[in-house]
Structure formats: C-alpha cells, structure tokens
A.B. asks: 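The structure is given below, and queries will be raised subsequently.
All values below come from the heavy atoms of this structure, side chains included, with hydrogens, waters and symmetry mates left out. Chain identifiers are assigned alphabetically (A, B, ...) following the order of the sequence lines, protein sequences preceding nucleic acid strands; residue numbering begins at 1 within each chain.
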Protein chains: 2
Amino acid sequence: MQKSLRSAEYHRLIGLLVAARHKAGIRQQALAKKLGKPQSFVAKYEGGERRLDVIEFVTIASALGADPVKLIRQFVRTKGQTKST
Amino acid sequence: MQKSLRSAEYHRLIGLLVAARHKAGIRQQALAKKLGKPQSFVAKYEGGERRLDVIEFVTIASALGADPVKLIRQFVRTKGQTKST
DNA sequence: TTCGGATTATCCCAAAAAAGGATATTTCTT
DNA sequence: AAGAAATATCCTTTTTTGGGATAATCCGAA
C-alpha cells in the first residue's frame, strides 16, 4: 500500500471536494467555520498537505451539500483507469 | 467537526472493516502482508489507535473483497440515527 | 486443566504529521 | 493600479505514526 498523501489518486479525491466547494459557491473561510476549524485547515487539505480520514471526508462533503457516497463511488470508479477507453 | 478517531462513529466505521475481515476469514497477518504493512498496522487501525484516510479505507476494503462504496453507504446511512425509528 | 501454537494487542520512541494563529501571497473587482 | 477578498504558507508546539519486538489472549488438542 503506497502512501495516500501526495499520490495522484489523492489529488483526484481531493479535487472532488474542491469542485464541490466551488460548485456550492462556498469560501474556505465559510466552510472552515461550518466545520469549526481554521481556514488553514481547509487550505491544507485542499492543498494536499493534510490527509482526511473517512469521517472527515463525509463530514466535509455533507457540509458542502454533496453526497459523500456519490463522491466515493465516483472516485472508486475512475480508479486505475487513467488509460483505457 | 469533532475528532474522528476515538469517536463512536469511527468505531462503527472500523467495525465494518473488521467484520469484513472476519467474513473473509483473513488474519491480520495475511491482510497486513497484502497491504505491505506490518501486522501491527492492522491491529492499530482496528483498535482505533490509528486513523485511516479515504484511500487506505478503499484499499483495505478491496483487499478484503468488500465493496468500499457499499461500506461507506452503510456507514453514512446509519449515521446519527442511533435513536429515531 | 495444561501445553503449544496461532492470533491479536501493546511498548517504545524517533520521525513524521497536524493544529492553528499570524502573515504572506495570489486573485478579483472596480 | 488599489484595496479587498480569498487562499497559501510559516512557525512552534502537540499529537500521531512506523514498525520491530514483545507481551497478552485465544483456542483446540491431549
């Protein structure tokens, strides 16, 4: 098992959350507040400087109004198929 | 956002992985080997002493022959409904 | 019950990662 | 270009992790 953080996969995963935030039109500040965390927390995980565990992921996705399960499914589905059709 | 580790939720989540391992009849040792990690790694996350990030969770579930998405869905579904109907 | 092996949990502690306020940098809007 | 808004980085103190070694627990057999 490779390290999760700093991997291309991890970036894809986080990208989903970033996209969700943009889609929701929410700022890091606002999201951070919802989560009861400093803005740097959001900046860090979005920047791939801090990893998110499953619960955090679910919590954040929910805070963004996104469906955590769908995001994970999307992530899993596109796993390892960088090439193929 | 509360700390994920040591939370009741986290235990439920991990419980899903432990159950999957038992169901698969795989030992910590064997799983660890598949993951390229020492047995203590498995013992620790199962014991709630180390957290798992999303990718690790997916990797482990897959190694156990379980569907990561289903596990997450199951987790999310039973979230916060300790009481109600 | 006692023995032995299998399985899982805990120790240790150096190394790595995280917290989070403060500050710097980048980006937008006008 | 200026000012504000948004995001990224710094810095220092805590907290967490890695993983081999060892301890504790479990379990079936005799």
A.B. asks: Does any non-hydrogen side-chain atom of B:Leu52 lie less than 4.5 Å from one of B:Ile14?
C.D. replies: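 Sidechains of B:Leu52 and B:Ile14: in contact.
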A.B. asks: Please state how far atom CG in A:Leu31 lies from atom C1' in D:dT7, giving the value in whole angstrom units.
C.D. replies: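 Result: 13 Å.
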A.B. asks: Quick one: are A:Val58 and B:Glu9 in side-chain contact, heavy atoms under 4.5 Å?
C.D. replies: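 SC-SC contact between A:Val58 and B:Glu9 ruled out.
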A.B. asks: Please check if atom CD in A:Gln29 has more than 12 non-hydrogen atoms from other residues, nucleotides or ligands closer than 6.0 Å.
C.D. replies: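 Incorrect, the count does not exceed 12.
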A.B. asks: If you take any heavy atom closer than 4.0 Å to DNA chain C, which residues from residues 36-63 of chain B end up in contact?
C.D. replies: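 Hits under 4.0 Å, by residue number: B:Gln39, B:Ser40, B:Ala43, B:Lys44.
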A.B. asks: Given side chains that start at C-beta, do those of B:Leu71 and B:Phe57 come closer than 4.5 Å, heavy atoms only?
C.D. replies: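 Yes. Closest side-chain heavy atoms under 4.5 Å.
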A.B. asks: Any N/O pairs under 3.5 Å between the protein and nucleotides 26-30 of chain C? List them or say none.
C.D. replies:
none

A.B. asks: If you check every side-chain atom of A:Gln28, which of C:dA16, D:dT7, C:dA9 has the closest atom?
C.D. replies: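 When the side chain of A:Gln28 is considered, D:dT7 is the closest of C:dA16, D:dT7, C:dA9.
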A.B. asks: Expressed in angstrom and rounded to an integer, what is the separation of A:Lys33 atom NZ from D:dT7 atom P?
C.D. replies: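 Rounded to the whole Å, the gap is 16 Å.
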A.B. asks: When you check the side-chain N and O atoms of B:Arg51 and B:Ser4, is any donor under 3.5 Å from an acceptor?
C.D. replies: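 There is no such pair between these side chains.
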A.B. asks: Between A:Arg73 and A:Val69, is any pair of side-chain heavy atoms under 4.5 Å apart?
C.D. replies: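 Side chain of A:Arg73 against side chain of A:Val69, heavy atoms only: contact under 4.5 Å found.
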A.B. asks: Under 4.0 Å: is that the gap between some side-chain N or O of A:Lys3 and OP1 or OP2 of D:dG18?
C.D. replies: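 Result: no.
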A.B. asks: Can you sort out which residues in residues 8-22 of chain A have a heavy atom within less than 4.0 Å of DNA chain C? Ascending by number, please.
C.D. replies: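 Within residues 8-22 of chain A, no residue comes under 4.0 Å of DNA chain C.
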A.B. asks: Please round to the nearest 0.5 Å and tell me the distance separating atom CD1 of A:Ile72 and atom NZ of B:Lys70.
C.D. replies: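 Output value for this atom pair is 16.0 Å.
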A.B. asks: Rounded to whole angstrom units, what separation is found between the CE atom of A:Met1 and the P atom of D:dG19?
C.D. replies: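 Taking atom P of D:dG19 as the reference, CE of A:Met1 is at 10 Å.
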A.B. asks: Would you call B:Gln39 and B:Arg27 a side-chain contact if the rule is heavy atoms closer than 4.5 Å?
C.D. replies: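 The answer is no; the side chains never approach within 4.5 Å.
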A.B. asks: Report the distance from atom CD of B:Gln2 to atom OG1 of A:Thr59, rounding to the nearest 0.5 Å.
C.D. replies: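 Going from CD on B:Gln2 over to OG1 on A:Thr59, the span is 7.5 Å.
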A.B. asks: Any sub-3.5 Å donor-acceptor pair from B:Arg50's side-chain atoms to B:Tyr45's backbone N or O?
C.D. replies: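 Absent.
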A.B. asks: If you count heavy atoms of other groups shown closer than 6.0 angstrom to NZ of A:Lys37, is the number above 12?
C.D. replies: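 Buried by this count: over 12 neighbours within 6.0 Å.
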